[in-house]
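Reading through the C-alpha cells given below for one structure.
Model, not experiment: these values are computed from the prediction. One is the number of the first residue; the rest follow in order along the sequence.
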Amino acid sequence: MTSEHGSALEQLGAAVDAAIPAELRDAWATHVSNEPVLVARQGIYSAHGRPFAYQVSYRAPGHHPELVSRWGALDHERATAHVLRATFGRTDLESVAHGRLLFVRCPRAYLVGDLPVPPRPDRLVIEVSTTTEIDGTVIAGLRRLREQGFRIAVPSFADHPEQRRLLPHADFVKVDVRDLDVEGHPVVRVARSFGALLIAEYVEQGSSLAHARDLGFTLFQGNLIERAGVLDRANARLVGH
C-alpha cells in the first residue's frame, strides 16, 4: 500500500469518526464500561490441598454450558478469544493467576498459528481442545509452541490413538476419574509414559478422589475440591490503554 493510499484511508477513518455524534460515542463508551467481562476459574490442587494452577474458561451473560456441544469451530474460536482477551488482554493479571499457571483450552486455529496466543509462556498453559483433529500440522504447531516456552496440556485422556500422538509434546495429561473404574492402571501408565504430570479431572466424589490418589495422581481438579467461580474483568484496564 502506498503512502498516498494510507493517508487517504486515515483521512476517511477520521471523517467517519467525526461524523459520529459525541453523545452516541459517550453512550457507547458507557455501555462498554458497564458490560461485564466474565471468565470462569477453577483451581487445580495438589495432594496437599494447595492450589497449583487454575483452569480459565468461557462465561458470558446468558451463557448456557450445556449448549457448547452444539458449537462449531468458529464458536470455539470466539470463546477462546474472549477468555484470552479477558485474562491476558487486561491489566492486573495476577488477580486471576496469583502467581500460578493458567490453563486455557484452545482449538486448532491457536495450535497451528492461524490465531495468536498471548506471549505469556510463564503463565499460559495451552490445553488442546477435545474437538481438535490431530494431524501433522497440529503436531508441528505444538512443537513450535513448546519451543516458544509454552506448556501443553492434553485433556480427557483415554488412550485413543490420536491422543497418544500428543503425549511426546505434553507437559500435563488430564484423565477423567469417571473412566478410572474401567480403565485404571493401563491408561494411567500410558498417560505418564513420556513424563507428563498427571491431573485427575472431574473429581466429584470422595471415592473418586481416593481412587485417583491410589493410582498415583498428585494433581486434582473437580467440583468436590472447588467449584468454578466467575470473575468479572471489566474493571481491569485493557493492556496498552
inquiry  = Taking the side chain as everything from C-beta on, heavy atoms only, tell me whether Thr87 gets closer than 4.5 Å to Leu102.
reply    = yes
Here the gap from Leu115 atom CG to Arg78 atom CZ, rounded to the nearest 0.5 Å, amounts to 11.5 Å
When rounded to the nearest 0.5 Å, the distance separating OG1 of Thr137 from CG of Leu111 is 11.0 Å
Only one of Glu201, Gln221, Gln55 passes side-chain hydrogen bond (donor to acceptor under 3.5 Å, both in side chains) with Gln42, and that residue is Gln221
* Side chain proximity check, Val175 to Phe217, heavy atoms < 4.5 angstrom -> yes
- Is there a donor-acceptor pair under 3.5 Å between the side chain of Arg233 and the backbone N or O of Asp92? yes
Heavy atoms of Val190 and Leu167 approach each other most closely as O-CD1, 3.4 Å
Do Arg213 and Phe220 form a cation-pi contact, if we require the NZ or CZ to be under 6.0 Å from the six-membered ring centre and within 45 degrees of the ring's axis? yes
Hey, mind stepping through Val112 and Val138 against side chain to side chain contact (heavy atoms under 4.5 Å, CB included) and telling me if it holds?
CA-CA 6 Å; Val112 303; Val138 167; 4.0 Å; yes
Within the 4.5 Å heavy-atom criterion, are Val187 and Asp179 side-chain neighbours or not? no
NZ of Lys174 to OG1 of Thr130, rounded to nearest 0.5 Å, is 11.0 Å
Quiz item: Cluster question for you: counting only ILVMFWY and a side-chain heavy-atom cut-off of under 4.5 Å, with indirect links fine, are Val125 and Val56 together?
Solution: no
Residue pairs passing the ring-ring contact (aromatic ring centres under 6.0 Å, His included) test with at least one member in residues 90-135, sequence neighbours excluded, are Phe103-Phe172
| said: Could you check whether any side-chain N or O of His82 sits under 3.5 Å from a backbone N or O of Leu38, counting only pairs where one atom can act as donor and the other as acceptor? | reply: yes
Taken to the nearest 0.5 Å, the spacing of Leu166 CG from Ile152 CD1 works out to 9.5 Å
Value for CD1 (Ile139) from CZ (Arg144), rounded to nearest 0.5 Å, stands at 11.5 Å
Tightest non-hydrogen contact, residues Pro155 and Ala153, listed as CD-O, 3.8 Å
- Item | Residues Glu226 and Arg41 bridged, charged N to O under 4.0 Å | no
Nearest heavy-atom approach of Leu93 to Arg120 is CD2-NH1, 3.5 Å
Worksheet item: Would you say the side chain of Arg146 lies within less than 4.5 Å of the side chain of Asp171, judging by non-hydrogen atoms?
Response: yes
Please evaluate residues Thr131 and Arg108 with respect to the criterion side-chain hydrogen bond (donor to acceptor under 3.5 Å, both in side chains), reporting the C-alpha separation (whole Å), side-chain torsions for both, the decisive distance (0.1 Å), and the verdict. CA-CA 8 Å; Thr131 62; Arg108 180 186 180 90; over 6 Å; no
Worksheet entry | Whether Arg164 side chain and Asp159 backbone form a donor-acceptor pair below 3.5 Å | yes
**Prompt:** Considering only heavy atoms from C-beta outward, does the side chain of Val83 approach that of Arg105 to under 4.5 Å?
**Reply:** no
Looking only at heavy atoms, the pair that brings Ala234 and Arg90 closest together is O-NH1, 3.4 Å
Q. Are Leu215 and Phe157 linked, directly or through other ILVMFWY residues, by side chains that come within less than 4.5 angstrom of each other?
A. yes
Between Pro118 and Phe150, the two heavy atoms sitting closest are O-CZ, 3.2 Å
Point to revise | CD (Glu133) with more than 12 external heavy atoms under 6.0 Å | key: no
Requested in this report: Please answer whether the main-chain N or O of Val37 pairs with a side-chain N or O of Asp232 as donor and acceptor at a distance below 3.5 Å.
Outcome: yes
To the nearest 0.5 Å, atom CZ of Arg227 lies from atom CD of Glu204 at 7.0 Å
Requested in this report: Report yes or no: do Leu231 and Tyr54 belong to one cluster of Ile/Leu/Val/Met/Phe/Trp/Tyr joined by side chain heavy-atom distances under 4.5 Å?
Outcome: yes
Nearest heavy-atom approach of Thr80 to Cys106 is CG2-SG, 4.1 Å
Would a hydrophobic clustering, with Ile, Leu, Val, Met, Phe, Trp and Tyr connected at side-chain separations under 4.5 Å, put Val128 with Tyr58?
yes
Is there a continuous path of hydrophobic side-chain contacts, each under 4.5 Å between heavy atoms, that joins Ile199 to Val154?
no
